[in-house]
Amino acid sequence: MLVTPLVMGAPNFKVVYYDAFPPYSYKNEAGQMTGILVDIVTEVIEKQMGLNVVHKGYPWGRAQRMVFNGQADAFISVPTDARLQHVSISDTPVFVGPINLFTHRHHPDLDVLMRVSDTEGLRAFQILDYIGNGWGEANLPQNQYTRSLTPNISNALQMLAKKRGDVVVTDKVVARYFIAKHQLQGAIIEIPTTLDIVSFSLCISNQSPHLGILAAFSKKITQFRQQGGEQSVLEKYR
């Protein structure tokens, strides 16, 4: 393995994750971090770039604070103005999550839902969402949409399968994971239109000694994607 001068002699690269965000990042039965983001970091930053990566999971607020104050090197998330006060990000995202629409099979207005191309087309429907969904809060405000909140995306999809709402709008990678986990394939269908995409970037603390890897990471993650590495990782979580 070629180890670039950028990382020779450098300390461990500590990446912190939200510990309950399957299939992107979560603790397995042994208490170890696993998931799509963890696997991509392992393949690109550890195996290809030569850094010794330490993966740790925490409640999301704590994980972010650890990076902001320099206790950890990086997290992977959507860049926001607040986060960019404390971190620098990769030009190329670690992963891009497509936001799609899901409904229950045999919905009486399925033909209408199939033609929905943006959030405006959802105003007449009851949307099942979950507490803490930043995309939903930003794009489907409660004063403009009929949006019922559940504790998590798993609950929202199970309610949809029981026809207790019209649609779920969410990251299709996450939705497909839970649909398979709860065996809801016969009850829920995916509308093929992608309403939006969410980019998860490598966010490195401005206090980290590893800030210099960002440019190299962007090149490596592009190559990884082009060579089919991302699809290989995704196959493990379907």
Side-chain angles (χ1 to χ4, degrees), residues 15-26 33-45 55 57 60 63-64 67 74-84 87 89-103 116-119 122 127-140 147 150 152-157 160 167-182 184-185 188-204 217-218 220-222 224-226 228-238:
V15 184
V16 290
Y17 306 85
Y18 182 15
D19 62 358
F21 185 34
Y24 285 118
S25 58
Y26 60 101
M33 288 305 301
T34 189
I36 293 168
L37 300 180
V38 179
D39 287 359
I40 291 175
V41 167
T42 298
E43 291 296 323
V44 176
I45 297 181
H55 307 275
W60 184 225
Q64 291 181 86
V67 172
F75 59 66
I76 299 168
S77 190
V78 178
T80 63
D81 289 342
R83 290 172 183 153
L84 290 172
V87 303
I89 67 168
S90 54
D91 290 336
T92 305
V94 176
F95 190 81
V96 176
I99 304 296
N100 276 51
L101 185 65
F102 296 82
T103 189
V116 170
S117 59
D118 54 36
T119 56
L122 299 176
I127 302 165
L128 295 170
D129 203 355
Y130 61 96
I131 298 167
N133 179 10
W135 188 92
E137 292 169 2
N139 294 276
L140 303 167
R147 184 164 152 255
T150 67
N152 51 57
I153 185 61
S154 177
N155 284 5
L157 289 165
L160 181 65
V167 294
V168 169
V169 189
T170 193
D171 182 318
K172 75 176 181 182
V173 174
V174 176
R176 287 175 175 178
Y177 173 84
F178 281 108
I179 288 169
K181 180 179 179 180
H182 298 302
L184 302 176
Q185 297 93 331
I188 293 177
I189 61 172
E190 178 182 328
I191 305 298
T193 304
T194 296
L195 297 183
D196 199 1
I197 58 171
V198 176
S199 295
F200 297 94
S201 295
L202 178 64
C203 303
I204 299 184
F217 172 79
S218 289
K220 289 292 185 182
I221 193 68
T222 299
F224 178 73
R225 192 167 289 127
Q226 291 172 343
E230 181 178 274
Q231 286 304 312
S232 295
V233 169
L234 286 175
E235 288 297 327
K236 294 172 57 179
Y237 299 93
R238 286 177 176 164

Ring center gap for Trp60 and Phe75 short of 6.0 angstrom: yes
Do Ile204 and Val87 come within less than 4.5 Å of each other through their side chains, counting heavy atoms only? no
Evaluate the side-chain proximity of Phe95 to Glu230: yes if any heavy-atom separation is below 4.5 Å, no if none is. yes
Before giving the answer on side-chain contact (heavy atoms from CB on, under 4.5 Å), spell out for Thr170 and Leu101 the whole-Å C-alpha distance, their side-chain angles and the decisive distance to 0.1 Å. CA-CA 7 Å; Thr170 193; Leu101 185 65; over 6 Å; no
Using the test side chain to side chain contact (heavy atoms under 4.5 Å, CB included), find all partners of Ile131 that sit at least two apart in sequence or belong to another chain. Leu149
Contact between Ile36 and Leu234 at the side-chain level, heavy atoms closer than 4.5 Å - yes or no? yes
Run the numbers on Thr42 and His55 for side chain to side chain donor-acceptor pair (under 3.5 Å), then give the verdict. CA-CA 9 Å; Thr42 298; His55 307 275; 3.2 Å; yes
side-chain contact (heavy atoms from CB on, under 4.5 Å) between Ile191 and Val167, worked out: CA-CA 10 Å; Ile191 305 298; Val167 294; over 6 Å; no
Taking the side chain as every heavy atom from C-beta outward, state whether Val169 and Leu195 have any atom pair closer than 4.5 Å. yes
With a 3.5 Å distance limit and no angle check, can you tell me whether Arg176 reaches the backbone of Arg238 through a side-chain donor-acceptor pair? no
Candidate pair Thr194 and Asn100, rule side chain to side chain donor-acceptor pair (under 3.5 Å), full reasoning: CA-CA 5 Å; Thr194 296; Asn100 276 51; 3.0 Å; yes
When you measure from the side chain of Ser201 to the backbone of Cys203, do you find a donor-acceptor pair of N or O atoms at a distance under 3.5 Å? no
Show your reasoning for whether ring pair (Phe, Tyr, Trp, His ring centres under 6.0 Å) applies to Tyr24 and Tyr18. CA-CA 9 Å; Tyr24 285 118; Tyr18 182 15; over 10 Å; no
Do Ser25 side-chain atoms and Tyr17 backbone N/O form a donor-acceptor pair below 3.5 Å? no
Give a yes or no on whether the backbone of Val94 and the side-chain of Arg225 come within a donor-acceptor separation of less than 3.5 Å. yes
Lys172 vs Phe102 side-chain heavy atoms within contact, under 4.5 Å: yes
Heavy-atom side-chain proximity of Val41 to Ile76 below 4.5 angstrom: yes
Step by step, would you call Ile188 with Leu157 a side-chain contact (heavy atoms from CB on, under 4.5 Å)? CA-CA 8 Å; Ile188 293 177; Leu157 289 165; 4.2 Å; yes
Mind checking what makes side chain to side chain contact (heavy atoms under 4.5 Å, CB included) contact with Ser218, not counting sequence neighbours? Ser90, Asp91, Thr92
Worked verdict on Phe200 versus Ile40 for side-chain contact (heavy atoms from CB on, under 4.5 Å): CA-CA 12 Å; Phe200 297 94; Ile40 291 175; over 6 Å; no
